[in-house]
Amino acid sequence: MRFDDHRVIITAAGRDFGRTLAIQLADLGAEVFLSARSLAAAERVRDDIRGRGHHQVHAFACDLTDPASIRDFASSVARHTDRVDILVNNGSRYLEGPDLLSASDADVVDTIASGATGTVLTVKNFLPLLLNSDKPDVVTMVSACGAAGHQRSDAHDAFYAAKSAQAGFTEILSKRLRSQGVRVISLYPPDFDNADPLSKEWETIPRGANDALTAQSLVDCILFAVAQPRDCFIKAFHFEQA
């Protein structure tokens, strides 16, 4: 499927999976609005995409721990477009360490703010633009750490808290926005391999039953879900952890 008529927001698109998804959607024709905490990081991805011949791409700075920054991001996008078709909540700081005492108070606040508060405020500020679309989707990269009872990650407790908050938010959001035609899609991946989509490895990375989950498969899940007819609400993707 092509996405030539889609306008897509991706948070934390300056690196890793956000960058991967931005490049893939731009290759499929979407107009992409990228954010990263650093404007320079978002602009690097914008330039990567333009280098592939796609010029409908825009870069913005957005600190998901700062409500004013999120509002400014949404306002800036609104000056370019009157609608958003897909909002991808990809941004959330990762914090490692299974010992609660291993992280500073500042790290705990930053982790929970970016993943939990940042996700809620991003949806809140972009919801008016989403409601102007005839095909609005909210996609959130949660994590297996947001699934009830999950305990196999070495992530810090604060990261578990942030992801559990995202899971609770998207669960109720799915029910409350359905009557307005907004689909809310959540992904709960374990750790996965994210090859550079501009490298040869992207085409050769193994994707067999005994291999680690790949970014390619996560992209495929997102594209599959948003490409379905509007009567098909795929609420969540959960993945078996190897």
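Quick caveat: nothing in here was measured; it's all calculated off a predicted structure.
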Is [Y] reachable from [X] through a run of I, L, V, M, F, W or Y residues, each pair having side-chain heavy atoms under 4.5 Å apart?
{"X": "I23", "Y": "V139", "result": "yes"}
{"X": "L187", "Y": "L25", "result": "yes"}
{"X": "Y188", "Y": "Y94", "result": "no"}
{"X": "V8", "Y": "V57", "result": "yes"}

Strictly by modelled atom types, are [X] and [Y] linked by a side-chain donor-acceptor pair under 3.5 Å?
{"X": "R7", "Y": "T81", "answer": "yes"}
{"X": "T11", "Y": "S35", "answer": "no"}
{"X": "T214", "Y": "D193", "answer": "no"}
{"X": "T140", "Y": "Q166", "answer": "no"}
{"X": "N194", "Y": "T20", "answer": "yes"}
{"X": "E31", "Y": "H80", "answer": "no"}

Checklist entry - Do side-chain atoms of R71 reach the backbone of T122 as a donor and acceptor pair under 3.5 angstrom? => result no
Value rounded to 0.5 Å, distance of [atom1] in [X] from [atom2] in [Y]:
{"X": "S75", "Y": "I70", "atom1": "OG", "atom2": "CD1", "answer": "12.0 Å"}
{"X": "N90", "Y": "R19", "atom1": "CG", "atom2": "CZ", "answer": "13.0 Å"}
{"X": "E201", "Y": "D196", "atom1": "CD", "atom2": "CG", "answer": "8.5 Å"}
{"X": "M141", "Y": "D16", "atom1": "CE", "atom2": "CG", "answer": "11.0 Å"}
{"X": "Y160", "Y": "S153", "atom1": "OH", "atom2": "OG", "answer": "4.5 Å"}
{"X": "L39", "Y": "C62", "atom1": "CG", "atom2": "SG", "answer": "11.5 Å"}

Checklist outcome for this item: Using a 4.5 Å side-chain heavy-atom cut-off and chaining through intermediate ILVMFWY residues, the residues clustered with L131 come out as I9, F33, F60, F73, V77, V84, L87, V120, V123, F126, L127, L129, L130, V138, F169, L173, L177, V182, V184
Next on the checklist: Let's go through F17 and V219 carefully: what are the C-alpha distance in whole Å and the side-chain angles of both, what is the deciding distance for side chain to side chain contact (heavy atoms under 4.5 Å, CB included) to 0.1 Å, and is it a yes or a no?
Outcome noted: CA-CA 9 Å; F17 185 71; V219 170; 3.8 Å; yes
Item to check | Shortest non-hydrogen separation from S217 to R207 and the atoms involved | outcome: OG-NH2, 2.9 Å
Item to check | Working for side chain to side chain contact (heavy atoms under 4.5 Å, CB included), residues I222 and L21 | outcome: CA-CA 9 Å; I222 292 171; L21 185 59; 4.0 Å; yes
Next on the checklist: I'd like to check the side-chain contact (heavy atoms from CB on, under 4.5 Å) partners of A13; sequence neighbours left out, ordered by chain and number.
Outcome noted: I10, L34
Check residues 231-242 and write down every donor-acceptor pair under 3.5 Å in which the side-chain atom is one partner and the other belongs to a residue at least two apart or another chain.
| residue | atom | partner | partner atom | Å |
| --- | --- | --- | --- | --- |
| K235 | NZ | E171 | OE2 | 3.0 |
| Q241 | OE1 | H150 | NE2 | 3.2 |

